[in-house]
Amino acid sequence: MADGKRRERLERESGGSGAGPEPETGPETDAARRRRRALFLRELTEARELRARVQPRRARAARMRQQMRMRTFRW
């Protein structure tokens with residue numbers, strides 16, 4: 001399944017077994033923080049796309065609300 005491959009890839013990237021956050025001994029590097037942030041944003045985008053596929057009516061309504069928000073926003 002794609003989910004199993006994705007989980008394996010995430011474990012390889014994070015370097016952990018997925019058991020939870022490991023205590024860090026020193027300050028986090030910028031590269032590690034950016035890597036975690038990029039991973040989080042990818043997962044967030046994937047979750048939004050999945051929600052749009054699973055709930056098309058709600059997703060359409062949410063898109064319409066967002067468009068209305070953008071139209072009425074004043075600079």
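Along the sequence shown, the residues carry numbers beginning at 1. Just so it is clear, the structure is predicted and the values come from calculations on it, not from any experiment.
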TODO: Drop me the distance from E49's CD to E46's CD, to the nearest 0.5 angstrom.
DONE: 7.5 Å
Task: Residue pair A52 / A59: nearest heavy atoms and the distance that separates them - done: CA-CB, 3.6 Å
Open item on the list: Distance check, rounded to the nearest 0.5 Å: T29 atom OG1 versus R35 atom CZ?
Closed with: 6.5 Å
Task: Min side-chain heavy-atom separation R65-R69 under 4.5 Å - done: yes
Task: Donor-acceptor side-chain pairing of R63 and Q66 below 3.5 angstrom - done: no
Task: Derivation of the side chain to side chain contact (heavy atoms under 4.5 Å, CB included) call for R36 and E28 - done: CA-CA 11 Å; R36 280 190 312 110; E28 183 180 32; 2.8 Å; yes
Task: Min side-chain heavy-atom separation L39-E43 under 4.5 Å - done: yes
TODO: Before giving the answer on side chain to side chain contact (heavy atoms under 4.5 Å, CB included), spell out for R34 and R37 the whole-Å C-alpha distance, their side-chain angles and the decisive distance to 0.1 Å.
DONE: CA-CA 5 Å; R34 282 194 299 269; R37 183 175 187 275; 5.5 Å; no
